[in-house]
Each structure stands twice: as C-alpha cells, then as structure tokens.
There are 2 protein chains.
Amino acid sequence: MLTSTVENYLKALLMLSNQGEKRVSTGDLAKSLGVTPGSATSMIKTLAEAGLANHKPHYGVLLTDEGRTLAVHVVRRHRIIELFLVNILEMEWDEVHVEAEQLEHVVSDEVIARMDKLLEYPTIDPHGDPIPSADGTFIERPVHQLSQCEEGQRVQVARISDQNSSFLKFAESHGLTPGATIEVQRRNEHADSITLQSNEEEITLGFTAANRIEVELVG
Amino acid sequence: MLTSTVENYLKALLMLSNQGEKRVSTGDLAKSLGVTPGSATSMIKTLAEAGLANHKPHYGVLLTDEGRTLAVHVVRRHRIIELFLVNILEMEWDEVHVEAEQLEHVVSDEVIARMDKLLEYPTIDPHGDPIPSADGTFIERPVHQLSQCEEGQRVQVARISDQNSSFLKFAESHGLTPGATIEVQRRNEHADSITLQSNEEEITLGFTAANRIEVELVG
DNA sequence: CACTCCTTTTTGATTAATCAAAAATTATAC
DNA sequence: GTATAATTTTTGATTAATCAAAAAGGAGTG
C-alpha cells in the first residue's frame with residue numbers, strides 16, 4: 001500500500017507534467033507540495049526505486065506508466081469524493097477540496113464504486129474538472145482561458161482552476177460557476193483587465209483572476 | 001491535531017477501561033492494538049505527557065477527562081460512518097468496520113454533522129452499538145449476554161460485539177441481527193452450548209459465540 | 001526473605017518523512 | 001574558458017511509531 005505522502009507526490013507530478021507529457025523540475029515539485037527541494041529529491045529517489053517515476057538527476061522527473069496510473073486513480077478518487085460531498089452531503093463547493101484531499105487516501109475502491117453509482121457515473125466534478133474513469137481514461141476538454149477572450153464573445157464557464165476557498169466563494173457570488181453563460185463586454189490590455197456581463201451584473205477581473213477561469217466558446 | 005495512531009490508542013483505552021472506569025494494563029492495551037508491550041509503554045508516556053492519560057508505572061493507565069472526550073468523539077465518528085456506509089452507500093454490515101477504521105481519522109466535524117443529519121440523528125449503529133452524541137454523552141444500554149439466558153426466554157438481539165467480517169456474515173445468515181427476536185430453546189452447561197429458534201430455523205451456538213451476542217429480554 | 005514467574009519498562013535500532021545547511025552541478029555571462 | 005548565479009543533490013539531524021531483546025519491578029510461594 002502506498003503512503004498518503006507518496007500519493008500526493010504522484011498527484012502533483014501528474015498535474016505539473018501536464019498529464020505526464022513533460023519533465024517536472026525538483027523545485028516546481030517541492031513548491032507545489034510546500035516542502036524543501038531536498039525533501040523532494042529524496043522522495044523522487046524513492047519513487048524511482050519503486051518504479052513509479054523516472055529520474056534524470058538535474059534534469060527533472062517524469063511518472064512511469066505505473067506511476068501515472070496510480071496518480072490518475074488518486075485524482076479519480078479526489079473528484080468523485082468532491083462531487084459526493086457537494087451533491088449528497090450538500091457541502092459548499094469551496095470547502096470540499098480540502099476535505100477530499102484527506103479522504104482520497106483512505107477510501108476503498110468499494111466505497112468509490114458505490115459513490116460513483118449513487119452519483120450516476122459522473123464525468124465532471126464541482127469545479128468543472130473531468131473525473132477519470134475507473135479504467136484510467138483521463139480526458140481533458142479543450143478549453144480557453146477567459147483572459148484571452150475577445151470583446152463581445154459569449155462563453156460558458158467550463159472550470160475554475162483554483163481551489164482556494166475564498167476565490168471560489170467570490171466566483172460563485174458573481175455567478176461564475178461551471179455551466180454559467182457569460183459575455184465579454186470589454187477587454188483592456190493596458191489595464192490588465194476584462195469586464196464581463198454575468199448574472200444580470202457587470203464585473204471586472206484582472207487577467208490573473210481571469211486566467212483561473214476556463215471557458216468554452218458559445219455560438 | 002492528533003495522529004491516527006494516538007486516536008487508536010485513545011479508542012482502545014476507552015473500550016478496555018469500560019468507558020473509563022478501570023485501569024488498563026499495558027499488556028492488554030498492546031494486545032488489543034496488535035503492538036508489542038514496549039510500543040504501548042512508549043505511547044502511554046506520550047499520552048500522559050499530553051495530558052490525555054494518567055499513568056502509574058506498573059499499575060496501568062486511565063484516560064483523563066480530556067482523553068476520554070477525544071476518545072468518545074472518535075467512537076462517534078466511527079459509528080456514524082458505519083451507519084452511513086450501510087444506509088446511504090448500501091454496503092454490507094460486515095465490511096463497514098474496516099472502512100470506518102480508516103475514515104474516522106480524517107473526516108471533518110462538518111462531514112460528520114452532515115452525515116448525522118442525513119441519517120436523521122441516529123443513536124444506534126449497524127451492529128447495535130450506541131452512537132455517542134455530539135456533546136460527548138455516551139450511554140450504554142443495559143444488556144444481557146445471550147449465553148446467560150434461560151431456556152424458554154424470548155429475547156431481542158441488541159448488539160453483536162464482534163467486528164470480524166466472517167462472524168458477522170454468519171450471524172446475519174441465521175437472522176441474528178440487531179432487532180431480531182429469538183427464543184432460547186435449550187441450554188446445556190456441560191455441552192457449552194445454547195440452542196435458539198431464529199428465523200424459522202433452529203441453531204446451536206457454543207457459549208463463546210453466544211457471548212458475542214448481546215440481547216434484551218422480551219415480555 | 002529469597003526465588004521464581006510474569007509483566008512492564010528501558011534501551012538501541014529501524015523506517016518514513018521532513019528540514020537546514022553544505023556541496024555539487026548546470027547554465028549563463030562576460 | 002573561467003567566474004557567477006541558480007538549482008539540485010547530499011549530508012546530518014529530528015520526529016513519530018515501531019520492534020527485539022535486555023533490564024527492572026511486583027507478586028506469590030515456600
């Protein structure tokens with residue numbers, strides 16, 4: 001059985017490598033997990049010895065197929081749990097990430113299978129992220145960043161790529177939740193801002209915030 | 001935050017001390033947790049230093065009020081989770097103990113509160129064990145051991161005090177689940193056995209097995 | 001009171017995960 | 001092509017939890 005720590009490293013590697021495409025640097029890995037680079041190096045070695053990652057010293061790490069499969073399953077557990085907490089236990093979407101972060105390491109496959117059934121085999125979690133299927137298939141929808149959209153463009157919110165509770169609360173309070181349709185009113189490159197029509201109200205976001213909102217074009 | 005290990009020691013101490021009445025020996029504690037006596041001694045010291053237990057070297061341990069409160073909350077979490085897994089996720093009653101053993105250490109108070117609500121504030125878990133209330137009240141119903149019942153006595157199964165999956169499967173297959181009404185047909189001290197009428201069938205149990213079934217007298 | 005038995009505690013080692021700080025390596029700059 | 005900066009790796013220490021085995025303590029027997 002894998003430790004929670006190992007699972008967290010695998011998950012971070014999956015995310016940072018773009019589903020396992022590019023090598024991840026020790027520094028980025030360490031930063032994303034909030035540990036020192038030395039700690040990351042030593043765990044990378046452990047993963048490499050276990051056949052879960054491939055390490056070229058000084059040139060980064062990459063998950064092996066086995067490591068990637070395990071990581072995808074952790075992500076699957078995480079996202080099913082999140083949706084379960086929102087849909088069945090009626091928790092707020094901004095608090096489930098932290099909770100799922102804990103649960104993902106201890107729930108059995110049996111429990112996940114039953115949650116999956118109860119939720120009627122969902123494919124998207126509360127933040128718009130895809131739920132990998134049980135066989136390990138993990139498809140990312142092609143999406144655009146809101147910050148890149150042109151004026152007048154109508155879009156549908158696809159996902160919020162920030163799990164920070166207060167950002168999620170803010171987004172929700174302005175109708176920026178997955179599925180919502182909004183329209184880009186103005187875009188000002190110099191002001192580093194974009195103004196949207198959402199929910200009967202107008203709201204202006206800086207590009208940094210707008211970057212965290214991924215959308216699909218409408219019409 | 002307490003580690004899972006500490007929570008498991010507290011829980012074991014609560015159980016072995018009869019809700020905190022009598023001192024627990026290092027050996028019994030170690031046996032119940034499947035560790036060596038030396039490990040138990042060292043954890044007992046840790047608990048004592050943290051003010052969670054009271055240790056008289058060579059004369060056993062006892063939880064402090066603070067330790068007992070924490071232990072009761074672990075038990076509450078465990079039992080709500082068990083019931084949740086059976087009633088909401090429709091798991092088998094013989095598999096939920098192991099699952100709850102893991103989950104009890106990571107679910108937040110928030111999740112427990114929501115499960116509690118969804119289950120409509122239950123007081124008994126799937127095995128007939130009482131669920132401590134959120135304020136720490138923990139009442140044991142006065143029950144009898146089936147092995148002590150007289151011939152002709154009609155009783156209702158109150159709880160099964162054995163979490164072993166195969167024993168639970170066996171009990172269930174003969175209708176020995178909490179709430180079921182059965183009648184003692186014969187009792188043979190020398191044969192160390194008791195024969196019951198349950199579920200349209202007659203079944204004979206040795207006293208050791210009958211000891212694991214607690215009942216309430218009927219009529 | 002001394003001897004034996006059983007239990008408990010102590011001691012010393014091990015494993016997983018971490019950090020701080022030193023050492024090594026790669027990349028960059030001139 | 002050496003010096004400098006940045007990153008990565010190594011080293012040595014620490015913490016929690018464990019075990020095996022040695023040492024100590026308590027209780028009962030004669």
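Proteins get letters first, then strands, A, B, ... in listed order; numbering begins at 1 in each.
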Using whole Å, report how far [atom1] of [X] lies from [atom2] of [N].
X     : N      : atom1 : atom2 : result
B:Y59 : C:dT9  : OH    : P     : 11 Å
A:R23 : C:dT26 : CZ    : P     : 14 Å
B:L2  : D:dT15 : CG    : C1'   : 16 Å
A:H58 : C:dT25 : NE2   : P     : 7 Å
A:Y9  : C:dT18 : OH    : P     : 4 Å
B:M43 : D:dT15 : CE    : P     : 15 Å
A:L47 : D:dT9  : CG    : P     : 13 Å
A:K45 : C:dA17 : NZ    : C1'   : 15 Å

Under 4.0 Å from OP1 or OP2 of [N]: is there any side-chain N or O of [X] that close?
X     : N      : result
A:S39 : C:dA17 : no
A:T5  : C:dA16 : no
B:T46 : D:dA16 : no

Check: Can you name the one residue among A:H105, A:E82, A:E7 that meets side-chain hydrogen bond (donor to acceptor under 3.5 Å, both in side chains) with A:R77?
Finding: A:E7

Margin query: Taking side-chain hydrogen bond (donor to acceptor under 3.5 Å, both in side chains) as the criterion, tell me which of B:E140, B:E216, B:H127 meets it with B:R159.
Written below: B:E140

Next item on the list: Take B:I44 and A:V35, find for each the nucleotide of DNA chain C with the closest heavy atom, and name the residue whose nucleotide sits nearer the 5' end.
Entry: B:I44

Next item on the list: Could you go through the salt bridge (charged side-chain N to carboxylate O under 4.0 Å, His left out) check for B:R76 and B:E104 one step at a time?
Entry: CA-CA 9 Å; B:R76 172 174 159 81; B:E104 67 189 9; over 6 Å; no

Checklist line | Proximal nucleotide (of C:dA17, D:dT18, D:dT9) relative to the A:P57 side chain | finding: D:dT9

Item checked: B:H55, nearest nucleotide to its side chain (from C:dA17, C:dT9, D:dT9) -> C:dT9

Across the strands shown, which category fits [X] at heavy-atom distances under 4.0 angstrom: base, sugar-phosphate, nothing?
X     : value
B:T41 : base
B:T26 : sugar-phosphate
B:S42 : base
B:G27 : sugar-phosphate

Next item on the list: Assess whether salt bridge (charged side-chain N to carboxylate O under 4.0 Å, His left out) is satisfied between B:R187 and B:E189, documenting all intermediate values.
Entry: CA-CA 6 Å; B:R187 185 169 196 290; B:E189 199 73 45; 2.8 Å; yes

Check: Between B:E90 and A:R114, which heavy-atom pair has the shortest distance, and what is it?
Finding: O-NH1, 2.9 Å

